[in-house]
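Worth knowing before you read on, the calculation uses all heavy atoms, side chains too, and leaves out hydrogens, waters and symmetry mates. A quick note: this is a predicted structure, and the numbers were derived from the prediction, not measured. Numbers restart at 1 for each chain; the letters A, B, ... are given by sequence-line order, proteins then strands.
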2 protein chains.
Amino acid sequence: MLDDISLKILKILQEKARIPNVEVARQVEMAPSAVLERIRKLERQGFIDGYEVRLNPEQFDYRQIAFIKVQTSTVGDSPEVGQRLAEIAEVQEVHYIAGEDGYLVKLRVADTRELATIIREKIAVIQEVSATQTSTVLQTYKETARIPIRG
Amino acid sequence: MLDDISLKILKILQEKARIPNVEVARQVEMAPSAVLERIRKLERQGFIDGYEVRLNPEQFDYRQIAFIKVQTSTVGDSPEVGQRLAEIAEVQEVHYIAGEDGYLVKLRVADTRELATIIREKIAVIQEVSATQTSTVLQTYKETARIPIRG
DNA sequence: GTTGAAAATATACAGAC
DNA sequence: GTCTGTATATTTTCAAC
């Protein structure tokens, strides 16, 4: 699928996304233009989805992570509920979970007070939502979107 | 804390992290050198944690997300368990959850077969782990590390 | 894939506010 | 301390091979 050079390029970019293209080229010992072409191709082919700046949540007054299990009265996965949950700005993740007729929602807030407000005003108001169960995070040991590149 | 210009710069970078500095400068109508200085300062002050490339998990044969509740026999949060869970390559998140004497682990795997292997060979083998409860994801509606910038 | 030159961008610095 | 403007260095782009 991907050859060793492309895999190496991706590993380098996963270490440090803002590294200049010429530096990547040095590390894989190829001409910068060839490396650039490979990266563009990886973007076109959908191996690379994009580039993100990672802000420090605590600096922006998001000190609390919470996971909320959202139960619905309807059986199965009705797209509307997932989408409505996804629209909430503070929500970072929405997953529909097997065997529980419900969604798992991850969100960030300043504190439990703001958490309560969001549950009350943005989640509980969704028609199909029948119950929520909130777990607050006391400590985070790892939080990354990185995946191990096979090969 | 941060003035409107820095907030605007951060919003621009959150939209598109790989945008050239001169383009950011155009959008905020300032000299590139001033914008660069602000970004460097935001990095130094820890508002910006770093830059990441976002790979498409499915393209790398990670088609299954799972959340695993990991219960421990010891009461409270013993740093060793959290760290050992964090060391597992496929694990993207490890949180210690209030009121459950356990961790919530998010990971990505190819399929349920690989999931079973990791639980058996990498999670269950940790001494303090007394039980695990796995939820598999059927559909994901949102998955981002973005935070709403206040102000 | 490479090279090489032109264009664009990033960086460093001086001076104004 | 932060901005602008300029110079200098580096990188990106692109044509030719």
Is the backbone N or O of A:Phe60 less than 3.5 Å from a side-chain atom of B:Arg150, with the two atoms forming a donor-acceptor pair by type? yes
If I take atom CD in residue B:Glu23 and atom P in nucleotide D:dT12, what distance separates them, rounded to the nearest angstrom? 17 Å
Rounded to the Å, how far apart are B:Glu29 CD and D:dC3 P? 14 Å
Can you tell me how far P of D:dG5 sits from CD of B:Glu37, to the nearest Å? 15 Å
Within this structure, what is the CG-to-C1' distance between B:Asp3 and D:dC3, rounded to whole angstrom? 12 Å
Between the side chains of A:Lys16 and A:Glu23, is the shortest nitrogen-to-carboxylate-oxygen separation below 4.0 Å, so that they form an ion pair? no
Measure the distance from CD on A:Glu43 to C1' on D:dT12 and round it to the nearest whole Å. 14 Å
Please state how far atom CD1 in A:Ile19 lies from atom C1' in D:dT10, giving the value in whole angstrom units. 14 Å
Take atom CD in B:Glu29; do more than 12 heavy atoms of anything else shown fall under 6.0 Å from it? no
The nucleotide from C:dT2, D:dC3, C:dA10 with an atom nearest the side chain of A:Ala34 is C:dT2
Rounded to whole angstrom units, what separation is found between the CZ atom of A:Arg26 and the C1' atom of D:dT12? 13 Å
I'd like to know if the side chain of B:Lys122 reaches the main chain of B:Ala89, judged simply by a donor and an acceptor atom lying under 3.5 Å from each other, with no hydrogens or angles considered. no
Taking atom P of C:dG1 as reference, at what distance in whole Å does atom CG of A:Leu36 sit? 12 Å
Using only side-chain N and O atoms of B:Lys41, determine if any of them is under 4.0 Å from OP1 or OP2 of D:dT2. yes
Cation-aromatic face contact A:Arg18/B:Tyr51, 6.0 Å, 45 degrees: yes
From the options C:dA10, D:dT12, D:dT4, select the nucleotide whose nearest atom is closest to the side chain of B:Asn21. C:dA10
Under 4.0 angstrom between B:Arg40 side-chain N/O and C:dA10 OP1 or OP2: no
Distance-only donor-acceptor test (3.5 Å): side chain A:Ser33, base C:dG1: no
Under 4.0 Å, heavy atoms only, any strand: does A:Val22 hit a base, just the sugar-phosphate, or nothing? base
